[in-house]
Amino acid sequence: MKTKKAFILLNGSEPSSLPNLTKYDIVCAIDGAYNHFEAINIVPDLVTGDFDSINTIPTTVEVIKTPNQEFTDFEKALQILKHRGFSHVDVYGGSGKEHDHFLGNISTALQWKMGLTISFFDDFGKYLFIEESIVINNVKGKNISLIPFPTANGIVTKGLKFPLNNETLSFGERIGTRNIAIEESVFIAFDNGELLVYISHK
């Protein structure tokens with residue numbers, strides 16, 4: 001069965017570049033993020049949100065207004081995508097500007113971790129919540145950070161300058177920022193808890 005992959009542009013800091021959008025099954029602009037698409041002449045497949053920050057609501061693409069204030073526009077977009085059978089979501093514009101939005105997006109990704117594979121990208125790197133283990137390729141020389149939410153136990157890594165061997169990270173006590181990949185492939189595993197992994201682009 002083909003994996004359905006979605007692209008989402010949120011209304012955070014505008015990315016300096018975008019990936020090849022043709023590799024996605026759907027391209028979504030969330031509320032005011034459509035302003036950026038419009039400025040660079042990109043037509044998304046779906047525009048959704050409560051439309052409190054969009055300049056012009058398009059008439060030639062699918063538009064879903066989601067006024068329910070119990071959820072963020074990002075959460076409501078994920079609900080739509082999950083209902084349509086999408087399993088992987090790449091998110092741009094999730095950081096920058098107002099930091100409470102960034103923290104809210106991280107919280108939303110954690111809530112949806114069991115239902116969707118969500119990866120965030122910005123001009124500096126990529127970050128995602130991982131399952132029990134992951135192998136990250138082509139990362140030699142890049143910064144790798146491990147951030148527990150709030151605790152991750154039994155962490156084991158291979159290919160990092162400062163390896164972890166069955167160790168615990170806990171927010172407010174010890175976290176694993178600014179490690180460095182010394183191999184092209186890095187292995188990360190943990191027993192339980194929640195772990196956000198950040199990989200720098202350079």
Side-chain angles (χ1 to χ4, degrees), residues 5-20 23-24 30 33 36 72 74-75 78 88-202:
K5 193 169 184 178
F7 174 94
I8 282 181
L9 182 65
L10 296 177
N11 198 27
S13 292
E14 297 171 353
S16 60
S17 63
L18 294 173
N20 178 7
K23 70 180 182 179
Y24 296 97
I30 310 305
H36 179 58
T72 66
F74 182 34
E75 290 177 278
L78 294 179
H88 287 70
V89 181
D90 285 353
V91 181
Y92 283 67
S95 58
K97 293 187 179 179
E98 297 174 333
H99 294 316
D100 56 340
H101 285 167
F102 166 66
L103 294 171
N105 293 336
I106 293 294
S107 176
T108 296
L110 181 57
Q111 292 171 348
W112 280 85
K113 175 173 172 276
M114 299 306 295
L116 293 169
T117 300
I118 302 172
S119 299
F120 292 90
F121 298 82
D122 59 27
D123 287 348
F124 304 97
K126 170 185 178 179
Y127 45 103
L128 71 160
F129 285 99
I130 66 169
E131 299 295 339
E132 288 81 6
S133 66
I134 190 173
V135 176
I136 309 167
N137 296 313
N138 303 314
V139 291
K140 187 174 182 179
K142 296 183 178 182
N143 290 324
I144 309 286
S145 293
L146 309 181
I147 314 295
F149 273 75
T151 300
N153 300 302
I155 302 171
V156 174
T157 67
K158 297 177 182 178
L160 294 178
K161 182 176 181 180
F162 307 105
L164 299 177
N165 184 18
N166 196 31
E167 298 181 48
T168 294
L169 296 178
S170 183
F171 206 90
E173 296 181 14
R174 181 195 182 202
I175 62 176
T177 57
R178 310 298 289 181
N179 212 326
I180 300 173
I182 58 173
E183 303 290 344
E184 285 295 347
S185 295
V186 167
F187 171 79
I188 303 167
F190 66 107
D191 290 336
N192 55 71
E194 300 292 353
L195 191 62
L196 181 76
V197 175
Y198 172 86
I199 308 113
S200 70
H201 288 324
K202 298 180 179 180

Determine whether Ser145 and Thr177 satisfy the following criterion, side chain to side chain donor-acceptor pair (under 3.5 Å), listing intermediate values before the conclusion. CA-CA 4 Å; Ser145 293; Thr177 57; 5.2 Å; no
About how many Å separate [atom2] of [Y] and [atom1] of [X], when rounded to the nearest 0.5 Å?
{"X": "Ser170", "Y": "Phe149", "atom1": "OG", "atom2": "CZ", "result": "12.0 Å"}
{"X": "Lys126", "Y": "Tyr198", "atom1": "NZ", "atom2": "OH", "result": "12.5 Å"}
{"X": "Gln111", "Y": "Phe129", "atom1": "CD", "atom2": "CZ", "result": "10.0 Å"}
{"X": "Asn143", "Y": "Phe124", "atom1": "CG", "atom2": "CZ", "result": "12.5 Å"}
{"X": "Ile199", "Y": "Leu128", "atom1": "CD1", "atom2": "CG", "result": "5.5 Å"}
{"X": "Ser13", "Y": "His36", "atom1": "OG", "atom2": "NE2", "result": "11.0 Å"}

Flag the pair [X] / [Y] as yes when at least one side-chain heavy-atom distance between them is below 4.5 Å, and no otherwise.
{"X": "Asn166", "Y": "Ile155", "result": "no"}
{"X": "Leu9", "Y": "Pro15", "result": "yes"}
{"X": "Thr157", "Y": "Leu146", "result": "yes"}
{"X": "Val91", "Y": "Asn105", "result": "no"}
{"X": "Thr151", "Y": "Thr168", "result": "yes"}
{"X": "Ile136", "Y": "Val197", "result": "yes"}
{"X": "Asn137", "Y": "Glu184", "result": "no"}
{"X": "Leu10", "Y": "Phe74", "result": "yes"}

Any idea which heavy atoms bring [X] and [Y] closest together, and the distance?
{"X": "Glu75", "Y": "Trp112", "answer": "O-CZ2, 4.2 Å"}
{"X": "Ser133", "Y": "Phe187", "answer": "CB-CE1, 4.0 Å"}
{"X": "Ala152", "Y": "Glu194", "answer": "CB-O, 3.8 Å"}
{"X": "Asp122", "Y": "Ser95", "answer": "OD2-OG, 3.1 Å"}
{"X": "Phe162", "Y": "Asn179", "answer": "O-ND2, 2.7 Å"}
{"X": "Asp123", "Y": "Ser17", "answer": "OD1-N, 4.5 Å"}

Does Leu103 offer a backbone N or O that forms a donor-acceptor pair with the side chain of Ser107 under 3.5 Å? no
Check: Asn165 main-chain N/O paired with Glu167 side-chain donor or acceptor under 3.5 Å: yes
Within 6.0 Å of NZ in Lys142, more than 12 heavy atoms from elsewhere: yes
For Lys202, does the NZ atom have more than 12 heavy-atom neighbours from other residues, nucleotides or ligands under 6.0 Å away? no
Run the side-chain contact (heavy atoms from CB on, under 4.5 Å) test on Leu160 and Val186 for me, step by step, so that the C-alpha distance in whole Å, both residues' side-chain angles and the decisive distance to 0.1 Å come before the verdict. CA-CA 7 Å; Leu160 294 178; Val186 167; 3.9 Å; yes
May I ask you to decide if the ring planes of Phe121 and His201 are parallel, tilted or perpendicular, using 30° and 60° as cut-offs? parallel
Look at the rings of Phe120 and Tyr127 and say which category their plane angle falls in: under 30° parallel, 30 to 60° tilted, over 60° perpendicular. parallel
Run Ile147 and Leu195 through side-chain contact (heavy atoms from CB on, under 4.5 Å) and show every step you take. CA-CA 6 Å; Ile147 314 295; Leu195 191 62; 5.8 Å; no
Could you walk me through whether Leu78 and Ile8 pass side-chain contact (heavy atoms from CB on, under 4.5 Å), step by step? CA-CA 9 Å; Leu78 294 179; Ile8 282 181; 4.1 Å; yes
Does a donor on one side chain and an acceptor on the other come within less than 3.5 Å for Asn153 and Asp191? no
The test is side-chain contact (heavy atoms from CB on, under 4.5 Å); show your working for Ile118 and Thr108 and say whether it passes. CA-CA 10 Å; Ile118 302 172; Thr108 296; 5.9 Å; no
